[in-house]
Amino acid sequence: MVTVRFAPSPTGYLHIGGLRTALYNYLFARHNKGKFLLRIEDTDRTRYVEGAIEKLIEVLKWCNLEYDNIPIIQSQRLDIYKKYVDELLQKDFAYRCFCTSERLEEMRKNQIAKKQPPKYDRCCKDITKEESEKMAKEKTFTVRMKMPSEEIIFNDVIRGDVKFHGSLIDDQIILKTDGYPTYHLANVVDDHLMDVTHVIRGEEWLSSTPKHIILYKYFGWTPPVFAHLPLLLNSDKSKLSKRQGDVAVEDYRDKGYLQEALLNYIALLGWSTEDSQQIFTKENLIEKFSLERCGKSGAIFDIQKLIWMNGEYIRKLSIDELTNRAIPFIQKAGFDTSNFDFLKKCILLEQDKIKVLSDVPHLIDFFLKDDIIYDEKAMQKVIKKEGTSTTLSTSIADILKDIINVYSQIQNFSAQEIESETRKYTESKSLKTSQIFHPVRVAVSGRTEGPSLFHMLELLGKEKVLLRITKIIDTL
Ligand code: GLU
């Protein structure tokens with residue numbers, strides 16, 4: 001059975017690249033009716049972040065990437081790793097290293113000064129077993145695996161045959177002085193114990209793979225199939241970094257990207273179908289995903305495309321669903337959300353314009369509060385504009401006063417009625433519609449842009465509309 005895993009190190013947030021890795025593993029597992037497992041690689045205690053595991057699990061949940069196990073947490077499995085380290089020591093595939101950090105640092109400096117690649121000089125490699133056992137009782141030590149001086153070739157589904165030479169690779173530390181294993185050892189042991197058949201991970205791990213291949217060989221285990229996904233890049237082709245925009249999935253969630261849209265977009269960062277399909281349901285992705293169609297060249301993270309895609313998804317949501325999803329954002333902006341039907345009507349008028357859910361509070365706030373903010377530019381341009389008298393036969397104030405009269409007489413304050421009465425008035429005064437529509441819009445909403453004017457007026461209701469127009473006249 002196909003078994004894959006997502007093996008993040010909890011750093012405090014889930015990187016977009018991590019989400020892509022998780023997603024590809026998930027899609028591959030579901031496509032092959034296999035298992036998708038979660039393993040938390042937290043053996044680097046210097047990078048421990050409080051609450052990071054919980055956060056990671058929460059984000060995966062938000063993404064709907066359900067895993068099929070109780071997550072394995074490496075820091076709880078030290079005994080297991082220790083056993084395998086002992087096995088390697090026993091078989092002479094590893095040795096204890098008693099070098100102090102000062103010595104190692106000194107050595108590194110000298111090598112750099114001599115323009116040599118920094119590498120452990122294997123000073124402790126030939127300490128006899130007996131001596132090493134004895135020293136282990138008195139001194140702190142690490143355990144290093146012996147890298148053989150041989151060519152290491154492995155096949156990568158995405159890259160074909162990949163070659164490294166063992167002589168160029170350091171004798172990796174597999175057990176640290178604090179008793180925790182390093183990534184390499186824990187990763188290989190767990191992939192084996194979890195029956196992982198395919199390792200799908202980012203390109204940055206490609207250079208670790210020869211070390212893993214050797215560990216598999218030392219343990220006598222069959223390595224899994226490897227697939228290293230292309231790097232994610234900024235638009236200038238540098239490695240995707242915080243400096244050029246958000247990289248944490250949480251940030252996208254908090255800005256109001258829909259998880260379906262984010263996943264759809266991320267799916268295309270390194271994978272495509274022959275016909276370059278862009279919009280996929282999750283089921284679609286599961287059906288079509290294959291490692292063979294993953295590319296090896298870096299994939300550019302294009303925020304504009306993500307924004308576009310998010311808008312597409314927002315427009316496809318039912319209004320109930322969209323309202324439900326927007327509510328946390330509206331609440332966060334400080335508005336009361338108890339009147340679901342009213343919110344729904346407000347949002348419906350703006351559905352076309354919403355790019356991310358965090359746009360919603362601003363787009364509808366003039367429906368929700370009484371003290372609306374008048375955009376100064378809009379006021380200058382539309383209400384208080386200079387030269388009004390030369391372009392209009394009557395002043396804006398007079399027009400708005402007339403509008404109050406007209407609207408007061410409308411019994412059924414519906415968009416249709418309001419529109420027909422407004423147009424009638426416009427014609428009677430031989431004005432252009434824009435000469436009426438714009439001032440009315442600014443008077444009731446404070447801005448020049450917004451939803452369809454008459455629907456907006458209907459939803460605000462006669463009372464508020466009259467009140468707001470009166471207020472504006474008072475300022476003129
Ligand atoms: N812990 C590694 C990471 O943070 C896992 C790499 C792998 O999948 O082997 O990405």
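Order of listing sets the numbers, starting from 1, for every ligand and every atom in it. Please read these numbers as outputs of a predicted model, since none were measured by experiment.
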Residue, atom and distance of the protein heavy atom nearest atom 3 (C) of ligand 1 read W205 CZ2, 3.4 Å
Among non-hydrogen protein atoms, atom 5 (C) of ligand 1 lies closest to A7 O, 3.1 Å
- Query: Judged by atom type as modelled, is there a donor-acceptor pair below 3.5 Å linking the side chain of K33 to the main-chain atoms of M1?
  - Reply: no
Check your understanding: Under 3.5 Å, is there a donor-acceptor pair between the side chain of S75 and the main chain of D42?
Key -> no
Pair D246 + K255, salt bridge at N-O below 4.0 Å:
yes
Taking 4.0 angstrom as the limit, do E203 and K296 come out as a salt bridge?
no
In terms of its nearest heavy atom to atom 4 (O) of ligand 1, the top option of S9, A22, G202, S208 is S9
What about the rings of F6 and F36, do their centers lie closer together than 6.0 Å? no
Note: Y183, heavy atoms under 4.0 Å from ligand 1, region reported as side chain
Quick look: N187 vs ligand 1, heavy-atom contacts under 4.0 Å, and the answer is side chain
field: Distance-only N or O hit between ligand 1 and V199, under 3.5 Å
entry: no
Under 4.0 Å from one or more heavy atoms of E41, ligand 1 contributes atoms 1 (N), 2 (C), 5 (C)
message = The test is side-chain hydrogen bond (donor to acceptor under 3.5 Å, both in side chains); show your working for T3 and D195 and say whether it passes.
response = CA-CA 7 Å; T3 302; D195 294 320; over 6 Å; no
(message) Heavy-atom contact check, 4.0 Å cutoff: does R5 meet ligand 1?
(response) yes
